[in-house]
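Structure first, commentary second.
By convention in this document, chain letters (A, B, ...) are assigned in the order of the sequence lines, proteins followed by strands, and residues within each chain are numbered from 1.
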Amino acid sequence: MGEVSSGSFQRVWNVVAVIPAGCVVSYGQVAELAGLNGGARRVGGALAKAPDRGSLPWHRIIKADGKIAMPVGSAGRQEQIRRLEYEGVVVVNGRVDMQKFQWQPDMDELIWGPLGFPGTPEDSDL
DNA sequence: AACGTGACGAGGA
DNA sequence: ATCCTCGCCACGT
């Protein structure tokens with residue numbers, strides 16, 4: 001079974017994996033969700049060393065001010081922008097409007113995950 | 001074991 | 001808005 005490791009990098013990857021498409025989160029935000037307070041810089045390192053960057057939505061992580069972190073002109077930066085726009089996230093001048101696209105996870109998502117819990121009835125009414 | 005590094009963040013100039 | 005400085009701290013040398 002793909003048991004979750006308690007390594008800090010693994011924890012970061014676990015958090016990143018549940019970020020919904022069409023949203024962005026800051027490095028610091030991911031750090032907090034991963035239990036690495038003040039560890040925003042560690043998040044970048046974790047993403048760079050992710051074993052499955054093809055499937056991990058690393059592109060949804062940007063700076064707190066909305067700017068793309070990767071160096072201008074780098075292949076990674078272009079790839080990130082391409083993926084974000086593909087999801088409908090508007091990137092203007094290497095920058096994203098955090099007011100519109102920053103993900104704000106609620107408790108349900110943090111506890112049960114983005115897909116909810118099997119068998120849990122949805123209380124769409126009220 | 002000390003030292004430098006980094007896909008950050010906040011604050012000041 | 002841009003640039004610089006400092007704090008942050010796990011990781012690789």
Side-chain angles (χ1 to χ4, degrees):
Chain A
M1 295 286 283
E3 206 41 58
V4 277
S5 164
S6 55
S8 59
F9 281 7
Q10 181 65 57
R11 296 178 63 177
V12 168
W13 300 332
N14 291 339
V15 170
V16 173
V18 303
I19 301 170
C23 298
V24 294
V25 294
S26 71
Y27 289 86
Q29 202 177 346
V30 173
E32 286 185 45
L33 293 173
L36 301 174
N37 278 66
R41 307 188 74 167
R42 251 66 59 223
V43 174
L47 295 181
K49 295 179 180 176
D52 57 346
R53 278 189 282 163
S55 57
L56 191 73
W58 55 270
H59 57 283
R60 296 174 190 148
I61 317 302
I62 63 179
K63 292 194 181 187
D65 61 6
K67 292 179 181 175
I68 301 294
M70 304 195 79
V72 176
S74 67
R77 184 190 180 86
Q78 289 188 19
E79 173 66 10
Q80 179 166 25
I81 293 175
R82 192 181 71 78
R83 288 203 196 188
L84 287 173
E85 294 183 325
Y86 182 80
E87 295 181 352
V89 176
V90 179
V91 183
V92 179
N93 210 2
R95 206 163 50 195
V96 173
D97 185 339
M98 297 301 273
Q99 294 296 320
K100 291 183 181 176
F101 300 102
Q102 184 171 38
W103 180 46
Q104 294 153 18
D106 29 53
M107 291 312 289
D108 286 347
E109 288 175 301
L110 290 178
I111 297 173
W112 305 114
L115 300 180
F117 190 80
T120 299
E122 289 199 23
D123 44 329
S124 55
D125 181 64
L126 194 244

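Across all strands shown, Ala64(A) has heavy atoms under 4.0 Å from sugar-phosphate atoms exclusively, and none from any base. Contacts of Gly28(A) with the nucleic acid, taken as non-hydrogen atoms under 4.0 Å apart, involve only primed sugar atoms and P, OP1 or OP2.
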Any chance you could lay out the salt bridge (charged side-chain N to carboxylate O under 4.0 Å, His left out) test for Glu79(A) and Arg83(A), step after step, and finish with the verdict?
CA-CA 6 Å; Glu79(A) 173 66 10; Arg83(A) 288 203 196 188; 3.0 Å; yes
Determine whether Ile61(A) and Val16(A) satisfy the following criterion, side-chain contact (heavy atoms from CB on, under 4.5 Å), listing intermediate values before the conclusion.
CA-CA 8 Å; Ile61(A) 317 302; Val16(A) 173; 4.1 Å; yes
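Atom CG of Leu56(A) and atom CZ of Arg53(A) lie 10.0 Å apart (nearest 0.5 Å). The distance from atom CG of Leu33(A) to atom CG of Asn14(A), rounded to the nearest 0.5 Å, is 12.0 Å. In this structure, CZ in Phe9(A) is found 9.5 Å from CG in Leu36(A), a value given to the nearest 0.5 Å.
Between Leu47(A) atom CG and dC8(B) atom P the separation is 10 Å, expressed in whole Å. Taking atom CD1 on Ile61(A) and atom C1' on dC8(B), their separation rounds to 12 Å, with Å as the unit. When the P atom of dA7(B) is taken as reference, atom CH2 of Trp13(A) falls 15 Å away, rounded to whole Å. One interatomic measurement links the two molecules: CZ of Arg41(A) to C1' of dG6(B), which rounds to 5 Å at whole-angstrom precision. One atom, CZ of Arg42(A), and another, P of dG9(B), lie 11 Å apart when rounded to the nearest Å. To the nearest angstrom, P of dC8(B) lies 18 Å from CG of Asn37(A). Computed from coordinates, the His59(A) NE2 to dA7(B) P distance equals 19 Å when rounded to whole Å. The separation between Leu36(A) atom CG and dG9(B) atom C1' is 15 Å, rounded to whole Å.
Where DNA chain C meets chain A (any atom under 4.0 Å from a heavy atom), the bounding nucleotides read 5' to 3' are dT2(C) to dG12(C).
In terms of heavy atoms, Ser26(A) sits closest to Lys63(A) at CB-C, 4.2 Å.
A continuous path of Ile, Leu, Val, Met, Phe, Trp and Tyr side chains, each step under 4.5 Å between heavy atoms, connects Val92(A) with Ile68(A), placing both in one hydrophobic cluster.
Between Gly38(A) and Phe9(A), the residue anchored closer to the 5' end of DNA chain C is Gly38(A), taking for each the nucleotide with the nearest heavy atom.
Taking a 4.0 Å limit (strictly below) on heavy-atom distances, residues 66-101 of chain A reaches DNA chain C at Lys67(A).
Under the 3.5 Å distance criterion, the side-chain polar atoms of Trp13(A) are matched with a main-chain donor or acceptor of Ala46(A).
Residue Met98(A) forms a side chain to side chain contact (heavy atoms under 4.5 Å, CB included) with just one option from Lys100(A), Gln102(A), Arg95(A), and that option is Gln102(A).
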